[in-house]
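Worksheet: the structure to be examined is printed underneath.
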Amino acid sequence: MDEKALLEKARLLFEQEPKLIRLPAEGRVVFVGDTHGDLDASEEVIRRYLRRGDRIVFLGDYVDRGDYSRENVLFLLQQKIDHPEQIFLLAGNHEGHLIKPLSPTDFWDSLSWEEGEAYGHLFSKLPLAAISQNGLLALHGGLPDLGSLEEIDEVQWGDSDWDRIVWGDFVRHQRDEVSDWAGRPQLSEQYFRRIMDRFERKVLIRSHQPLAPLLMYEKRCITIMTSYAYVPVRRIVVADLEKTIQNAEDLEIAYV
């Protein structure tokens, strides 16, 4: 399948998915942080976990920074097409380059105008979050200030809730619940607890913020990166969907 046909087939597939992915109540799920052009990381996760029947949720940021952005995103799209019920690709901020500037943009700069439009349109269809029945919530960046999780399905590409989901940072010491730093929403512990309680979630699994601690807020907020473009150790999270989960101690933090 050529690149243009693959992008079109993937776009049609994403248009059929909700923005809020609901994981099943049985089996295991693997959460993968930013892969940022690290094709080896994506291939290793697929090789290790797909054949076991695990679901795999990639948390966004497939392009830029690494040496193989195009190869990485095309590989993941093909995996999604081949295994639509096992592979889930969430949106990251680097997939939203056409509506909010970011840096670096080496992947986007390598594309023709027509290619950029095709990738941008495809990425606008990506889901934004995934949840499990045992209290997990996974997304790229921060929590949106919505009345319920179901409202994620109504979030529009580029609106303020999308901005918090794909651009939001969590910080330890901040008086205000929400502030802004260089166009990145800064979200406090108080905000985290308020929204997680509203959503009735125990643990948030995210990526996006390479300098954030692995564990925050009494081990209820987990930040993972899965690309050598960012970190020397690539982390993932493995969860048993049938297990009661209260914090990170009930999950497996593994390496690829």
Side-chain angles (χ1 to χ4, degrees), residues 20 31-36 57-61 64-65 90-97 99-105 128-131 135-149 151-152 155 157-227 229-237 239 245-251 253:
L20 178 63
F31 297 97
V32 186
D34 297 7
T35 50
H36 272 306
V57 178
F58 290 83
L59 302 178
D61 276 15
D64 299 320
R65 298 191 185 277
L90 306 187
N93 60 306
H94 276 258
E95 283 71 63
H97 170 61
I99 56 173
K100 184 170 181 176
L102 51 86
S103 178
T105 55
L128 294 173
I131 58 171
L136 297 176
L137 169 60
L139 42 71
H140 183 70
L143 296 167
D145 193 359
L146 298 170
S148 67
L149 279 169
E151 292 180 26
I152 290 177
V155 171
W157 202 252
D159 71 15
S160 60
D161 291 304
W162 171 89
D163 201 49
R164 291 189 187 186
I165 290 172
V166 302
W167 276 98
D169 295 335
F170 284 105
V171 293
R172 282 192 181 278
H173 306 293
Q174 179 171 289
R175 183 173 301 174
D176 297 328
E177 278 203 353
V178 180
S179 64
D180 182 86
W181 180 80
R184 296 172 69 122
Q186 304 293 287
L187 309 174
S188 70
E189 180 174 0
Q190 182 182 0
Y191 178 86
F192 172 85
R193 293 182 183 280
R194 179 169 64 84
I195 301 300
M196 290 288 280
D197 287 348
R198 181 187 299 168
F199 290 167
E200 299 181 333
R201 299 290 98 188
K202 295 296 185 180
V203 175
L204 174 67
I205 303 171
R206 61 187 293 270
S207 51
H208 178 58
Q209 195 177 349
L211 299 181
L214 171 64
L215 304 177
M216 296 177 70
Y217 310 149
E218 297 182 336
K219 301 181 182 180
R220 293 183 62 202
C221 181
I222 308 174
T223 302
I224 53 171
M225 308 300 294
T226 320
S227 173
Y230 256 140
V231 292
V233 177
R234 303 182 302 202
R235 290 187 174 98
I236 59 174
V237 172
I245 292 173
Q246 297 295 331
N247 58 41
E249 294 181 357
D250 300 312
L251 302 165
I253 297 175

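These numbers come from the heavy atoms of this one structure, side chains and all, not from hydrogens, waters or symmetry mates.
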Any chance you could measure [X], atom [atom1], to [Y], atom [atom2], to the nearest 0.5 Å?
| X | Y | atom1 | atom2 | result |
| --- | --- | --- | --- | --- |
| M225 | I236 | CE | CD1 | 14.5 Å |
| Y191 | L143 | OH | CG | 6.0 Å |
| Q190 | D176 | CD | CG | 9.5 Å |
| W157 | K100 | CH2 | NZ | 12.5 Å |
| R65 | S103 | CZ | OG | 7.0 Å |
| F192 | L187 | CZ | CG | 10.5 Å |

Worksheet entry | S207 and D34 side chains, donor-acceptor separation under 3.5 Å | yes
Practice prompt. Determine, stepwise, if the pair L251 / I205 fulfils side chain to side chain contact (heavy atoms under 4.5 Å, CB included).
Written response: CA-CA 11 Å; L251 302 165; I205 303 171; 4.3 Å; yes
Give the minimum heavy-atom separation between [X] and [Y], together with the two atoms involved.
| X | Y | answer |
| --- | --- | --- |
| A129 | L137 | CB-CD1, 4.1 Å |
| Q209 | T223 | O-CG2, 3.6 Å |
| D169 | Q186 | OD2-NE2, 2.9 Å |
| L136 | A239 | CD1-CB, 3.6 Å |
| P144 | R164 | CA-CB, 4.3 Å |
| L20 | A130 | CD1-N, 4.4 Å |

Worksheet item: Going by the angle between their ring planes, with limits at 30° and 60°, are Y217 and F170 parallel, tilted or perpendicular?
Response: perpendicular
Discussion item. I'd like to check the ring pair (Phe, Tyr, Trp, His ring centres under 6.0 Å) partners of Y230; sequence neighbours left out, ordered by chain and number.
Written reply: H36
Response to the item:
Exactly one candidate in V166, N93, L102, T226 meets side chain to side chain contact (heavy atoms under 4.5 Å, CB included) with D61; the answer is N93
Practice prompt. List the steps, then state whether side chain to side chain contact (heavy atoms under 4.5 Å, CB included) holds for I152 with D161.
Written response: CA-CA 8 Å; I152 290 177; D161 291 304; over 6 Å; no
Worksheet item: Applying salt bridge (charged side-chain N to carboxylate O under 4.0 Å, His left out), which residue pairs with at least one partner in residues 192-209 are found, sequence neighbours left out?
Response: D145-R194, D145-R198, E177-R194, E189-R193, R193-E218
Worksheet item: Under the side chain to side chain donor-acceptor pair (under 3.5 Å) test, which residues partner S160, sequence neighbours left out?
Response: none
Fill in: Side-chain heavy atoms of L90 within contact of H140, under 4.5 Å
no
Item to complete: Could you walk me through whether I222 and L215 pass side chain to side chain contact (heavy atoms under 4.5 Å, CB included), step by step?
Response: CA-CA 5 Å; I222 308 174; L215 304 177; 3.8 Å; yes
Worksheet item: Is a donor on one side and an acceptor on the other found under 3.5 Å between the side chain of E151 and the backbone of G147?
Response: yes
Discussion item. Could you walk me through whether H208 and R184 satisfy the side chain to side chain contact (heavy atoms under 4.5 Å, CB included) test, starting with their C-alpha distance in whole Å, then the side-chain angles of each, then the deciding distance to 0.1 Å, before giving a yes or no?
Written reply: CA-CA 11 Å; H208 178 58; R184 296 172 69 122; 3.0 Å; yes
